[in-house]
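Okay, structure first, notes after.
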Amino acid sequence: MTARYNGKSTFEEWQKEFNTEDRYNFKAIEKKWQDIWDEEKSYKVEIDHNKEKYYTLVEFPYPSAQGLHVGHPRSYTALDVVSRKKRMQGFNVLYPMGFDAFGLPAENYAIKTGVHPAVSTASNIQNYIRQLKSIGFSFDWDRCIDTSDPKMYKWTQWMFLKLFEKGMAYKDKIAINWCPQCKISLANEEVVNGGCERCGTQVTKKTKEQWMIAITKYADKLIDDLEGLDFPDRVKSQQINWIGRSEGAELDFEFGGKKLTVFTTRPDTTFGATFMVLAPEHPYVAELKFENDDEVRAYIKQASFKSDLQRTMDEEKTGVELKGVKAKNPYNGEMIPVFISDYVLTGYGTGAIMAVPAHDSRDYAFAKKFNLPIIEVLKGGDISKEAFEGDGPHINSGFLDGLGKEDGIKKAIEFAEKNNFGTAKINYKLRDWLFSRQRYWGEPIPMVHCDTCGWVALPESELPLLLPEVNDYLPNEEGESPLAKATDWVNTTCPKCHGHAKRETDTMPGWAGSSWYFLRYLDPDNDKEFASQEALKYWMNVDWYNGGMEHTTLHLLYSRFWYKFFHDLGYVPTKEPYNRRTSHGMILGEGGEKMSKSRGNVVNPDDIVGTYGADTFRLYEMFIGPYEQVAAWSEESLNGVYRFVNKIYGLFNKVYNIEPSKDDLRAMHKCIIEVTERIDSMRFNTAVSSMMTYVNYLSGLDKVSAVMYETLLKLISPFAPHVAEEMWARLGHSTLVLKSDWPVGDPKLAQDDVVTMAVQVLGKLRGTIDMPKDAPQVDVEKAALALDSVQKHVGSAAIKKVIVVPNKIVNIVI
RNA sequence: GCGAUUAUGGCGGAAUUGGUAGACGCGCUAGUUUCAGGUACUAGUUGGGGCAACUCAGUGGAAGUUCGAGUCUUCUUAAUCGCACCA
C-alpha cells in the first residue's frame with residue numbers, strides 16, 4: 001500500500017511528475033488492486049450492530065468443467081455494483097459466493113473416466129474462483145461454501161431428518177425414466193425424443209419407491225405470502241400458475257360396480273357430460289376386464305413411452321373406449337361411455353375426468369375425433385364451431401337452468417353434498433417434490449430400513465453420513481443407486497432395535513443444498529448449528545436476490561417452501577427468505593443465437609478479461625442491454641466501452657485543482673442523481689450511458705476540476721473498480737475509493753435555468769421555444785404563438801384551446 | 001398444449017411512465033493526424049422529397065380512446081424462455 005502517492009502536496013506539483021505518455025495498462029492495474037483487496041480482505045464482513053446490514057445474493061453456480069460462461073458475470077456484476085454502492089452508502093454488506101457442487105455432469109464424467117466426482121469438482125471450483133477473482137467481484141471469500149462438503153451437507157441431512165420427523169418426507173411409488181440398454185435411470189434432460197441420450201434406445205418407465213416431500217401442504221402459504229414481496233409480477237404469476245390452485249368439486253360416478261371419482265372445476269356443467277376419460281395408468285383400468293382388452297393394453301403400452309409434456313402437447317387426440325362397461329352420471333342417471341386417453345394425466349386430480357365437450361376445448365377435440373355427442377348446457381357460444389368456455393345462463397341442466405356459472409357451481413356442489421356423491425375440493429397443479437435420485441453424486445439420505453421398525457432416521461450424532469467410496473458409478477441391475485454396491489456401507493444396524501437394517505441408497509437431488517445455502521453463508525463454519533440464531537437474526541432476510549427466470553418454479557419455490565417449513569419449526573426468524581427478487585436476461589452469442597459448444601460461439605470470460613481487462617468486461621456486461629432482457633454478445637460494442645475506459649484514464653491529464661463552474665456542477669449533479677437512481681432500479685445500461693455523457697462533457701473542457709473527476713471515479717468505482725482505484729490513488733488519496741462515501745446529488749444544482757419547450761399545432765411539432773424555467777403560462781403562450789412556423793399553421797383558424805404542460809410542451813388546438 | 005416475456009434506425013438500445021421518438025454506444029460516410037494499417041480527433045448519420053428554409057411518413061400488423069400514443073384499450077402476428085430426474 002505504498003507508492004500510491006509520491007509525496008507531493010498539490011495535484012499540480014505531482015502532475016508535473018506524472019508521465020503523460022503513460023498508456024492504460026489494465027493488466028498491471030488490475031493485478032495490483034486485486035492483490036491489495038486480497039491482502040487487506042477488503043470485502044470481509046462481520047456482524048456489526050452499529051451498521052445497517054444489507055444482504056445481496058446471486059444464485060451460486062454449478063462448477064462445470066467448461067468454467068464460467070459470460071452469462072454468469074452479468075448478474076454477478078450487477079449485484080456487485082449494488083453491493084459496492086451500498087457499502088459506500090454506509091451499509092454493512094454481505095455479498096457471498098459458493099458452489100452448487102453436486103450434480104449430474106460430474107457423475108457422468110466419473111462414469112466415463114472413473115475420476116471421483118469430488119476430484120473433478122474440486123478442480124472446477126478452483127478454476128471458478130480464479131475466474132471470479134480475475135473479474136474483481138467483491139465477494140467475501142471467507143464465507144465460500146460448497147454443497148458437496150460434508151461440513152455443509154451434514155446440515156442438509158439434518159434438515160431432511162426434520163422434514164421426516166414432521167411427516168413431511170414420505171415414500172411413494174413413482175415412475176422413473178429407464179434405459180433398458182444402459183440399465184440406468186435417466187433425467188428428463190437425458191431423454192432425447194423418447195430415446196436414451198447415450199445409446200438411443202427407447203426409454204421406458206420403471207416404478208420405484210421414492211422419497212417425496214409434501215410441499216403441497218404449503219401450497220396456499222406459498223401463494224398467499226407472495227403478496228407484499230418485491231418480486232417481478234412475471235415471477236409471482238408464474239409461481240401462482242405453477243401451484244395452480246383451482247377450486248372445484250370431486251364427484252363420484254358409478255363405473256363397473258366401483259365408485260369413480262373425478263375432479264372438476266365446473267360441476268355446474270355435469271349435465272353436459274357425454275363421456276368420461278381415464279388416464280391410461282388409472283388403477284381401474286388394470287383391475288377391470290373389457291371386451292376389447294387387447295386394444296386397451298396396447299394403448300397403455302404406447303402411452304408409457306410418452307412424457308407428460310408430450311402428452312399435453314399432442315394436438316391430435318388419441319384414445320380407446322373401454323368397451324362393455326359404462327359410467328352413470330349421478331346428476332341425471334345417464335349411462336355414458338368411458339375412454340382412456342393420454343391427455344388425462346395421473347399426476348393431477350384423480351386421474352379421471354368427466355368430459356363436457358360443449359364447454360372444454362380438449363374434450364371438444366376428443367368428441368369431434370370420436371364422434372361423440374356434444375350437449376350445450378350454457379348459452380352464449382356457438383358449439384357447432386368450438387367449445388364455449390365463458391359464462392352464461394344454464395340450459396338443459398335440470399335444476400340449474402337459468403343460473404349463471406358461479407351460482408351454478410354453488411348449487412351443483414350443494415346438490416352433490418346433499419346426495420352424498422360429491423364434495424367441494426381445492427386442487428393444485430403443484431405436485432409433491434420427488435426427492436430421491438438413483439445417483440451417486442448427491443447427499444446420502446440419512447435413513448435406514450429395518451424389517452421390524454420400517455424406515456428409521458439416523459440419530460443426529462451420526463451426521464454427516466458420508467458418501468462411501470465405490471468402484472464404479474453405474475447403478476445396479478435393479479436400477480438402484482451406485483451406493484447399493486457399497487455393501488459394507490449399506491448393511492448396518494437399526495438405531496431403534498439394533499437388529500439388522502439397510503441404508504437408503506438413493507441420494508438427494510441438487511435442489512436440496514440450494515434450498516438453504518443462503519443461510520449457510522451467514523455462519524459457514526458453525527459445526528453446532530446450520531447457522532447461529534444471532535447470525536440469522538442479524539442478516540436475514542436476503543435484501544436482494546438475483547437469479548434466472550428458469551429457476552422461478554423450481555429452486556425459488558423450493559427454497560421458499562424449505563425456509564417456511566423451518567420458520568414453522570422456529571429455526572429461522574421470518575416467514576419469507578427474500579425481500580426482493582430480480583432476474584437477469586440470458587446472454588446469447590454473436591448474432592442472437594444461444595451460446596453452445598456445438599455452435600462454437602461460446603465466449604470465455606478469460607479471453608475478454610485478457611484482451612480488454614476486467615473493468616471493460618464489467619462495464620460492457622452492464623451496458624449490453626436492459627438487465628432483465630436477453631442480450632446478444634457483440635465484440636464490436638465491447639470496443640466502444642474499452643474506448644470509454646481509456647477516456648476516463650486519459651482525462652486524468654486534464655485534472656487541475658480549480659473550482660467547477662455552474663455548468664460543471666449541473667452536469668455533475670445530473671450524473672450523480674441519474675447513476676444513483678438507475679442502479680437502484682436496475683437500469684444499469686442507462687447508468688453507464690449517464691456516465692458516458694458526463695465523460696463526454698468533461699472531455700470537452702480544457703481543464704477539469706479535481707472535484708469533477710473524483711466524483712466520476714466514485715460513480716464508476718462499482719462498475720470499474722480497478723481503474724477507479726488506480727486513478728483515485730494517483731490523485732493522491734491514501735485510502736481506497738471503495739471506502740469513500742457515495743456522492744449525493746443536489747436536484748437544485750442539477751436543474752437547467754432555461755428549458756426548451758416543444759410547440760405543437762394540433763399535436764404536430766412546429767417549433768421550439770427557449771423559456772426560463774417555470775415561466776408563467778401567459779408568457780409561454782405568447783412566445784409560442786409568436787413563432788412564424790406556428791403562425792403559418794394556425795393561419796386564420798380560430799384557436800380553440802392552448803394546452804401548456806409546464807417546462808415541456810405547448811399544444812395549440814384550432 | 002399450458003404459463004410467462006418481448007417487438008423502436010444498418011445493429012445493441014433510450015424515451016423523465018400520456019408530452020420534442022431515436023439519448024448513449026456500435027457500425028457507416030467525409031475530413032484531420034499517420035509512409036501505411038490501426039489508434040486518436042472533427043463533422044454527419046430514421047426513411048422519402050428539396051440547394052435550402054422546410055415538408056411528408058415513421059416505434060411488428062389492424063382498429064380505438066385523447067388536444068397529444070412507442071407508452072393506455074381491443075384484436076392480431078412473430079420470436080424467446082419454463083413445464084417438475086440439469087442445476
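Chain letters run A, B, ... following the sequence lines, proteins first and then strands; every chain starts at 1. Note that the coordinates shown come from a computational prediction; the quantities given were computed from them, not determined experimentally.
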Any chance the rings of Phe60(A) and Tyr517(A) have centres within less than 6.0 Å? yes
Euclidean distance for C1', C56(B) against G50(B) (whole angstrom): 12 Å
P gap between G31(B) and G37(B), integer Å: 12 Å
Taking atom C1' in both G9(B) and A21(B), compute the distance separating them and give it to the nearest angstrom. 11 Å
Within a 6.0 Å radius of atom CZ on Arg311(A), are there more than 12 heavy atoms belonging to other residues, nucleotides or ligands? yes
When the ring centroid of Trp633(A) is compared with that of Tyr620(A), is the distance short of 6.0 Å? yes
What's the base orientation of G9(B): syn (chi within 90° of 0) or anti? syn
Nearest of U6(B), C54(B), G82(B) to any side-chain atom of Gln629(A)? U6(B)
G58(B) phosphate, OP1 or OP2: any side-chain N/O from Lys764(A) under 4.0 angstrom? no
When you measure only distances, ignoring hydrogens and angles, does the side chain of Gln210(A) come within 3.5 Å of the base of C85(B) through a donor and an acceptor? yes
NA contact type, Glu59(A), heavy-atom cut-off 4.0 Å: base, sugar-phosphate, or nothing? nothing
Pairwise C1' distance for G22(B) and U8(B), with rounding to whole Å: 8 Å
I'd like the P distance from G48(B) over to U65(B), given in whole Å. 33 Å
Within the modelled atom types, does a donor on one side and an acceptor on the other bring the side chain of Glu190(A) and the base of C85(B) under 3.5 Å apart? no
If I pick the C1' atom on U17(B) and the same atom on G68(B), what distance separates them, to the nearest angstrom? 15 Å
Contact class for His551(A) (heavy atom, under 4.0 Å): base, sugar-phosphate, or nothing? base
Using the P atom as the reference point in each nucleotide, state the distance between U20(B) and A15(B) in Å, no decimals. 13 Å
With syn defined as a glycosidic angle within 90 degrees of 0 and anti as anything else, the base of U17(B) is syn
Base, sugar-phosphate alone, or nothing: which one does Met586(A) contact when heavy atoms must sit under 4.0 Å apart? sugar-phosphate
Checking all strands, does Lys429(A) fall into the base, sugar-phosphate, or nothing category for heavy-atom contacts under 4.0 angstrom? base
Can the ring centroids of Tyr343(A) and Phe366(A) be said to lie less than 6.0 angstrom from one another? yes
Expressed in whole Å, how much space separates the C1' atoms belonging to U55(B) and C11(B)? 29 Å
Is the count of non-hydrogen atoms from other residues, nucleotides or ligands lying under 6.0 Å from Phe263(A) atom CZ greater than 12? yes
